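Since the model is a prediction, treat every value here as computed from it, not as a measurement. Residue numbers begin at 1 in each chain, while the letters A, B, ... track the order of the sequences.
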Protein chains: 2
Amino acid sequence: MTFKQPTIKEIAKRLNISVSTVSRALHDHSSIGLRTKMRVRQVANELNYEPNQTAIFFQQRKTFTLGVILPELSEAFFSTAISAIEDTANKHNYTVLLGQSHDQEEREKQIVETMKNHRVDGLIVSISKNTINFDHFEALRKYAIPVVFFDRIPNMPDIHYVACNIQSGSLQAVSYLLNKGHRIIGMINGPDKMMASMQRLEGYLKAIKKHRLKYDPILIVSSDLTKEGTYDAMRQLTTMRRKPTAIVAFNDYVALDAVQYARGQQMKINEDITFVSYANLPLSHYTAFPPAASVEQFPYEQGQKATEILLDLLNKNKDENIPPSYNNIIIESKLVIRNSQ
Amino acid sequence: MTFKQPTIKEIAKRLNISVSTVSRALHDHSSIGLRTKMRVRQVANELNYEPNQTAIFFQQRKTFTLGVILPELSEAFFSTAISAIEDTANKHNYTVLLGQSHDQEEREKQIVETMKNHRVDGLIVSISKNTINFDHFEALRKYAIPVVFFDRIPNMPDIHYVACNIQSGSLQAVSYLLNKGHRIIGMINGPDKMMASMQRLEGYLKAIKKHRLKYDPILIVSSDLTKEGTYDAMRQLTTMRRKPTAIVAFNDYVALDAVQYARGQQMKINEDITFVSYANLPLSHYTAFPPAASVEQFPYEQGQKATEILLDLLNKNKDENIPPSYNNIIIESKLVIRNSQ
DNA sequence: AAAAATTACGCAAACGTTTGCGCTACTTTC
DNA sequence: GAAAGTAGCGCAAACGTTTGCGTAATTTTT
């Protein structure tokens, strides 16, 4: 016996008034008398009336729903980001519709389509690694669906985004090593095309330049971020004539793999070789030889900021003929130094 | 200039046919001639027609949306569960509406309400630790919104759920230690009221019994799962007359804290004292002294299974007068032994 | 006391889609 | 060649809500 949800009609019938009156009464409209308002509320309570949101969404062409597209929900970075997004959306009475691209462009496209059809009010996305064509985002413009990107930003003009300035963190990281006396500093970077890789490298270069040292390109190797790729990279770095005494790893996972390799080669961590990296994973505290320092990228803050920007966009009066402005927020990354114990 | 999405009406007008014909044509209905079908599709493509899902949801009283309520998205266990849920839902053309309770009953209630108003087709939930009243779930019955619980199951009759049999894993864990020769085995359990704690203890007791040993209640201490709580627990365990040579920790996090304490006391891990625990966190491979073994609880599989059950429920013909049956799936946990290296 | 203003409500359209039923025109059957 | 069947399409209601406009009743103004 599936229970039929009470509607506004039902209330109207019971009170012998029109549905419009009921609707207005429930919205506390000024043109409805106090007496009828009270009676309507009374009956609404008795019947346990709940507005049918699907009807409202349909009628209002607004769903109070934010679409969120992330590459991988199980990754620590993104799971704390989605946590932030949900918190912020919820605080403003929005809900979150979720999709994960698994770093596949095709999947990402399909999810965008789904979200468009679901009539989400706006989108928050961190793009897939393998997305090279951004037409599916471009297409959203003419439907006036605002998009805010975060962390992984597409190379498109006129977009809103919040990102983390990794370059500055990278600079801090390398400077930290230089100040500790290291002069030959290797880097295990990610794939070349990744923006994340470039930023890391730029920070590295800045630090070298700042300390008036000579840049040796041979010290920069790249890993495909798998364990094997990292092992390869380590092999390259450790078989050079001028062996690095410190290594900047693409992220904590890479660093941990690199550490394992180094230990396999009987190297003493923090003596023969020192590591710094990016991400500042919570669990790495427990790890045998955590990187001496790690660049925090503030996923919670990024997610929160992105959501706030999107909500702002949604509350802005679009019909006003103000020229569009684009929010580009850069959160500064920060080198977190492990308390040496 | 916000672009107006083309509708079925628009197509009808252009072809001088009725909307119903267009609708049927797009659904490949048998009563529409091939010629008109082709023409309709043609125009639909030209206009880039996309059905307005909100209208369909409203009309069909079905949203193809699954509500998911989890305690904490940033926890590894739940983030891999939500990843599984999203994958499975997506595969069946459902989308996921997300909410996190932060282990607060009030928040959980509010989210249930929101999801009901959004007319989600069904709900997947892992209940908050602090939820003691389940009326908000009970209330969903009369709206015929099916709910599948997973991992954290409420104490309610007639529910669907998938859970992990931790007791058996616990039994395996303790048996493992007994077989290794340990005879005094401590346990750092969670708060007493938690079902998770009880199950762990039951497994412990079973193992003890199976090996015809005497149960010493003093060996079971509980932690509030904070670092301090775990340190306290360790203090108790290590200052007994009969010191345990092995300890079963509530989960990997607790184990790692416990290891830190032990090392602080100059104890040699795996010599003076051995740890086993629960969760089998991916990162603990990298950790200095990971627990010798850990009970895997298969969050991905649990999420997947829960989603499949829910989808089954949704596709079942409810009007048929078949008596309801309740799916209670128990996934066996499994002790994963770290390859000693 | 008539005119004007205000209060309190109802009518009906609109949002976009699906679907039961009915209708026409053509084809088949005996 | 009339009856029966079928193919192909249109009408209109329905889903639940909001909202512009109209209007009757009441109050205020002059």
May I ask you to say what [X] touches in the nucleic acid, namely base, sugar-phosphate or nothing, with a heavy-atom cut-off under 4.0 Å?
X      : result
F57(B) : nothing
T36(A) : sugar-phosphate
R24(B) : base
T7(A)  : sugar-phosphate

| message | Reading DNA chain D from 5' onward, which residue's closest nucleotide shows up sooner: A55(B) or V19(B)? | response | V19(B)
| Starting at the 5' end of DNA chain D, which residue's closest nucleotide do you reach first, S30(B) or S20(A)? |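 Nearest nucleotide further toward 5': that of S30(B).
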Do [X] and [Y] have side-chain heavy atoms sitting under 4.5 Å apart?
X       : Y       : result
V147(B) : H160(B) : no
P71(A)  : F78(A)  : yes
F137(B) : V125(B) : yes
I127(B) : F134(B) : yes

| request: Taking the six-membered ring for Trp and the single ring otherwise, decide whether the centroids of H118(A) and F57(B) are under 6.0 Å apart. | output: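 Ring centroids of H118(A) and F57(B) are less than 6.0 Å from each other.
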| query | Between Y161(B) and F149(B), does the ring centre distance come in under 6.0 Å? | reply | no
| task | On DNA chain C, check which nucleotide each of K37(A) and R119(A) is closest to and give me the residue with the more 5' one. | result |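 The residue whose closest nucleotide sits nearer the 5' end is K37(A).
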| said: Under 4.0 Å from a heavy atom of chain A: give me the 5'-most and 3'-most nucleotides of DNA chain D that qualify. | reply: dC15(D) to dG20(D)
| For atom NZ of K9(A) and atom C1' of dC11(C), their distance in whole Å |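 My rounded result for the distance is 14 Å.
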